[in-house]
Amino acid sequence: MCGIITSVEGKTVRVAPNKNHPQPGICGRGAAGPYLLTHPDRLKGPLIREGNELVPINWDKALDEVVKVLRELKDEGHPEYLAITYHDYGKELLERFANLYGTPNLIGHESVCHGPRTVAAELVLGAEGPRSIDPDYPNSKFIVFIGRNPLEGIVPDIVRRIDEGRKNGLRIAVIDPRKSAIAQRYAERWIPIKPGTDTAFLLSLIYYMIRKGMYDEDFLKKYSNAALLIYEDTLTPANEYSDNLLFEGIINGRKVATSFKLLEKEAEKVYPRLKDITGATYEDVEYIAENLWENRPASAIDDGWHTSFSIDSTYTWMAAFIINVMIGNLDKKGGLVFSKKPRVKLYDISNVKAKRIDKIRYPLTYAAFQEVYRAILTGNPYPIKALIVVGTNLDGRDPNSELVRKALQKVFLVVIDIMPSEVTQYANVVLAESTYFERDELPLPVGWSLEGWVDIHEKTIDPLYNTKPLWWILLELEHRLNLSNETFEDLKRRIINSLRINEKELYEKGCVKVQDMDIYEVYPYKEKLNTPSGKVEIYSEELKKYGYYPIPTYIEKNISPRDIDEFYLTSGHTLYHTQDSITFDIPTLIKLQPDNPVMINSRKAELLGIKDNDEVEVISLATGEKVICRVKVSNFIREDTVFTYFGFGRHSKGERFAYGHGFDVNLLISDQLTDPISGSIAQSLNIVKIRKKVQ
């Protein structure tokens, strides 16, 4: 989704950043993209399963095979037995297809990514995923990153904006068990927190700030429910507001307190135990609090991205957003700003009648795809009989790899992709997609801009093989299932008309700004927030409605390393690969990052007799699985924690360059340890044993 310009010189396709795009830039992955065109491993046409083999077939027969199964489910009255998953790309088209077909089960990757911060953003701010709010990095003076490392989990434009801010005096602090790239290169302070304790740290920060009067009283009274009185016996609203944000007293013979006071009480529970719980110090708390307060509103706790770490990660991010609210930085220059990008909807009527399968167990989840695997294998709460996978490698994406593989063998599986990843091995039908150099795409809003921009994607060359764009595949399925008769041009016209875009200008420039809405001071000042109250919600009626504790609270955990060779396992994104997609099989990129050694603290390594680059066994106490890998000895990680990159351990022989490189971290991560609110996987609460490999 970065703004790039392509050109053709002879038989060579070249890429360069489009500096006129609001999201310019190109990273190593984008620079290596043209190799995909002539990649010897790429999918060159549709395939169908015959016994144990995938054999070439024409498009009509491949689509007929898919339509046959989908029509049977729909004719039986159960379109919800189809699930669809993807990784961001194609979202608008897939939402359209799912709603026309009638399945609620379009479920993404968020339970292993940004699920907790997104549910928290919905609850507190009425916002959505990471692109709906973002720090105004170029104009900020102080930003705290929690478990986020933009220099490796990279969107080039975010790095560009952070660098612009640093030129203007931006200072950075990082809270992370590992001293990540951003902590090493940019941070003024690194706080090596114990995994799973972020909520306790942020509540301690809240307590310190309340006791020191570090909160914007006028903002909280006017734009939040901080002053809402709550009955303490039932934690239900008294539907009255107090003039005193920290009021507690008696109403109708019952004890009441403001939601802000109840938040302070939750914070007070952990503040005395800060160091024991988190490993951080009171000096760390003071440093963060004072810098946020003194630089307000041009300061922020970054809104996070990969946040599926703990069983209370939703509360972590509720606390983070509340701290931003306390300093009054919402939609302020240099603060936490709501994106003003437009919305695109490609359908008018939804035929969905069933409840989404993951929302039965997790009613507030953004996505909990592990529920689909359970439904495939058990039939509960209802069966999933067909699965369409678009541009994502489930075997490398989701926890408990053995569970994933068992489920993929039990379902009618359709894969739409460019490269043959692990998931392709289990497919009944493979629909080969064209690369982004070979396909036109619909004009869509630019992802990471705070302003409202739309861009166009035009093909560079005609497809080299018998491949098709995603939009063509989905529209063909719609037509054959009698769901619509719309064309690509119809959908393009729908977008252009609804957003009132000058089409000529769009195609001449490649991108246009669609509205002149102010970036700053719109939400919640001129427009209400998309919460039940229209305000910032410190006390969440939605949480209370579904039986959850309605104010951020720290959940005590009985999970920790108990022996010298036991560690918290943490993982993250490498700079050179997208975690579950096509880049692992590009030779230049696999050469730059061929595997994923486990980073271990140098003192612990010495105690265990382990040296840098030794081979070790890593055994998961959560799943019982064991892997062999190299170690990287470092002082940049806590003694009780190890770290590795995810996405490795490729075992599809269809990817000849990636095959056998590194290990699959998901073998070691349980699907049973989840955040009960967001349904996200507690990826950093899995304990592993590490011992030197016996030669």
Side-chain angles (χ1 to χ4, degrees), residues 29 32-33 36 39 41-43 47 49 54 83-91 94 106-114 153 306 308 367 369-370 372-373 376 387-411 413-433 435-436 467 470 571-574 576-586 589-590 593-596 627 644-669 671 681 683:
R29 296 172 296 179
L36 294 170
H39 197 302
D41 295 342
R42 69 173 286 195
L43 298 167
L47 305 169
R49 181 162 299 283
L54 285 168
I84 306 169
T85 193
Y86 64 110
H87 193 120
D88 291 346
Y89 163 65
K91 180 179 181 181
L94 293 167
L106 174 64
I107 306 172
H109 70 293
E110 290 81 6
S111 67
V112 291
C113 190
H114 62 78
H306 178 202
S308 301
F369 196 79
Q370 64 271 17
V372 172
Y373 300 126
I376 291 170
L387 173 61
I388 298 176
V389 178
V390 180
T392 185
N393 179 20
L394 304 185
D395 201 336
R397 183 187 88 180
D398 291 333
N400 193 345
S401 300
E402 286 305 310
L403 175 80
V404 174
R405 294 166 193 172
K406 285 177 185 174
L408 293 179
Q409 294 175 69
K410 296 289 186 182
V411 71
L413 180 61
V414 180
V415 173
I416 302 173
D417 214 331
I418 292 166
M419 297 292 291
S421 68
E422 277 77 16
V423 73
T424 314
Q425 298 177 124
Y426 305 104
N428 297 89
V429 180
V430 176
L431 304 177
E433 194 184 8
T435 68
Y436 56 93
T467 60
L470 176 64
S571 58
H573 201 294
T574 171
Y576 300 106
H577 301 290
T578 46
Q579 62 269 32
D580 60 4
S581 190
I582 54 181
T583 55
F584 281 90
D585 204 41
I586 294 179
L589 296 179
I590 203 72
Q593 183 74 57
D595 62 1
N596 54 337
V627 300
T644 192
Y645 294 118
F646 48 63
F648 286 85
R650 319 295 279 201
H651 58 271
S652 167
K653 292 187 178 179
E655 296 179 295
R656 70 188 75 181
F657 303 113
Y659 182 76
H661 282 272
F663 73 94
D664 176 11
V665 71
N666 285 316
L667 281 167
L668 309 176
I669 296 175
D671 63 308
I681 304 300
Q683 291 171 297

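Position 1 is the first residue of the sequence, and the numbers go up from there.
- Between Ala427 and Leu54, the shortest heavy-atom contact is O-CD2, 3.5 Å.
- Ser571 places no side-chain N or O within 3.5 Å of a backbone atom of Thr644 that could act as its donor or acceptor partner.
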Go through the steps for Ile416 and Val389 under the test side-chain contact (heavy atoms from CB on, under 4.5 Å), then give the verdict. CA-CA 6 Å; Ile416 302 173; Val389 178; over 6 Å; no

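- Using a 4.0 Å cut-off between a side-chain N of Lys or Arg and a carboxylate O of Asp or Glu, Asp585 and Arg656 do not qualify as a salt bridge.
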Quick one, Tyr645 with His577, criterion ring-ring contact (aromatic ring centres under 6.0 Å, His included). Give me CA distance, side-chain angles, the key distance, then yes/no. CA-CA 10 Å; Tyr645 294 118; His577 301 290; 9.3 Å; no

Please determine whether side-chain contact (heavy atoms from CB on, under 4.5 Å) holds for the pair Tyr373 and Lys406, giving the CA-CA distance in whole Å, both sets of side-chain angles, and the decisive distance to 0.1 Å. CA-CA 9 Å; Tyr373 300 126; Lys406 285 177 185 174; over 6 Å; no

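- A donor-acceptor pair under 3.5 Å links the side-chain atoms of Asn666 to the main chain of Gly396, judged by distance alone.
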Evaluate the criterion ring-ring contact (aromatic ring centres under 6.0 Å, His included) for residue pair His109 and Tyr86; output intermediate values, then yes/no. CA-CA 7 Å; His109 70 293; Tyr86 64 110; 7.6 Å; no

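- Going from atom CD1 of Ile590 over to atom OG1 of Thr583 covers 8.0 Å, rounded to the nearest 0.5 Å.
- Within the 4.5 Å cutoff, side-chain heavy atoms of Val112 are placed close to those of Asp398.
- By the 4.5 Å heavy-atom criterion applied to side chains, Val372 and Thr85 are not counted as neighbours.
- Residues Leu470 and Tyr89 form a side-chain contact, since some pair of their non-hydrogen atoms from C-beta on lies under 4.5 Å apart.
- Taking CG from Leu408 and CG from Leu394, the interatomic distance works out to 5.5 Å, rounded to the nearest 0.5 Å.
- Gln425 and Arg49 get closest at one heavy-atom pair: O-NH2, 2.6 Å.
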Let's go through Leu47 and Leu431 carefully: what are the C-alpha distance in whole Å and the side-chain angles of both, what is the deciding distance for side-chain contact (heavy atoms from CB on, under 4.5 Å) to 0.1 Å, and is it a yes or a no? CA-CA 7 Å; Leu47 305 169; Leu431 304 177; over 6 Å; no

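- Using a 4.0 Å cut-off between charged nitrogen and carboxylate oxygen, Asp595 and Arg650 do not count as a salt-bridge pair.
- Heavy atoms only, all atoms of each residue included: Ala367 and Ile107 are closest at CB-CG2, 3.7 Å.
- Side-chain atoms of Asp395 and His651 form a donor-acceptor pair, as typed in the model, at a separation below 3.5 Å.
- With values rounded to the nearest 0.5 angstrom, Asp88 atom CG is found 6.5 Å from Glu110 atom CD.
- For Met419 against Thr424, the heavy-atom pair with the smallest separation is O-OG1, 3.9 Å.
- Judged by distance alone, the side chain of Asp671 and the main-chain N or O of Asn400 form no donor-acceptor pair under 3.5 Å.
- Side-chain contact between Asn596 and Phe663 is present, with at least one heavy-atom pair separated by less than 4.5 Å.
- You'll find the side chain of Val627 reaches within 4.5 Å of the side chain of Leu667, heavy atoms only.
- Two residues are said to be in side-chain contact when any heavy atoms from C-beta on lie closer than 4.5 Å; Tyr576 and Arg29 fail this criterion.
- The minimum heavy-atom distance between Val390 and Leu94, with the atom names listed, is CG2-CD2, 4.0 Å.
- Counting all heavy atoms, side chain and backbone alike, Ser652 lies closest to Pro420 at OG-O, 3.1 Å.
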Stepwise side-chain contact (heavy atoms from CB on, under 4.5 Å) check, Phe646 with His573: CA-CA 6 Å; Phe646 48 63; His573 201 294; 4.2 Å; yes

Please walk me through it: do Gln593 and His661 pass side-chain hydrogen bond (donor to acceptor under 3.5 Å, both in side chains)? CA-CA 9 Å; Gln593 183 74 57; His661 282 272; over 6 Å; no

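- In this structure, the separation between CG on Leu387 and CD1 on Ile84 is 9.0 Å, given to the nearest 0.5 Å.
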ring-ring contact (aromatic ring centres under 6.0 Å, His included) assessment of Phe648 paired with Phe584: CA-CA 8 Å; Phe648 286 85; Phe584 281 90; 4.9 Å; yes

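- Because its NZ or CZ atom is both nearer than 6.0 Å to the ring centre of Phe369 and within 45° of the ring axis, Arg397 counts as a cation-pi partner of that residue.
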Show the numbers, then the answer: is there a side-chain hydrogen bond (donor to acceptor under 3.5 Å, both in side chains) between Gln370 and Ser111? CA-CA 8 Å; Gln370 64 271 17; Ser111 67; 3.3 Å; yes

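- The line from OG1 of Thr467 to CG of Asp417 is 12.0 Å long, rounded to the nearest 0.5 Å.
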Could you go step by step and tell me if Asn393 and Glu422 meet the side-chain hydrogen bond (donor to acceptor under 3.5 Å, both in side chains) rule? CA-CA 6 Å; Asn393 179 20; Glu422 277 77 16; 2.7 Å; yes

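- With rounding to the nearest 0.5 angstrom, the CD1 atom of Ile418 is 13.5 Å from the CG atom of Asp41.
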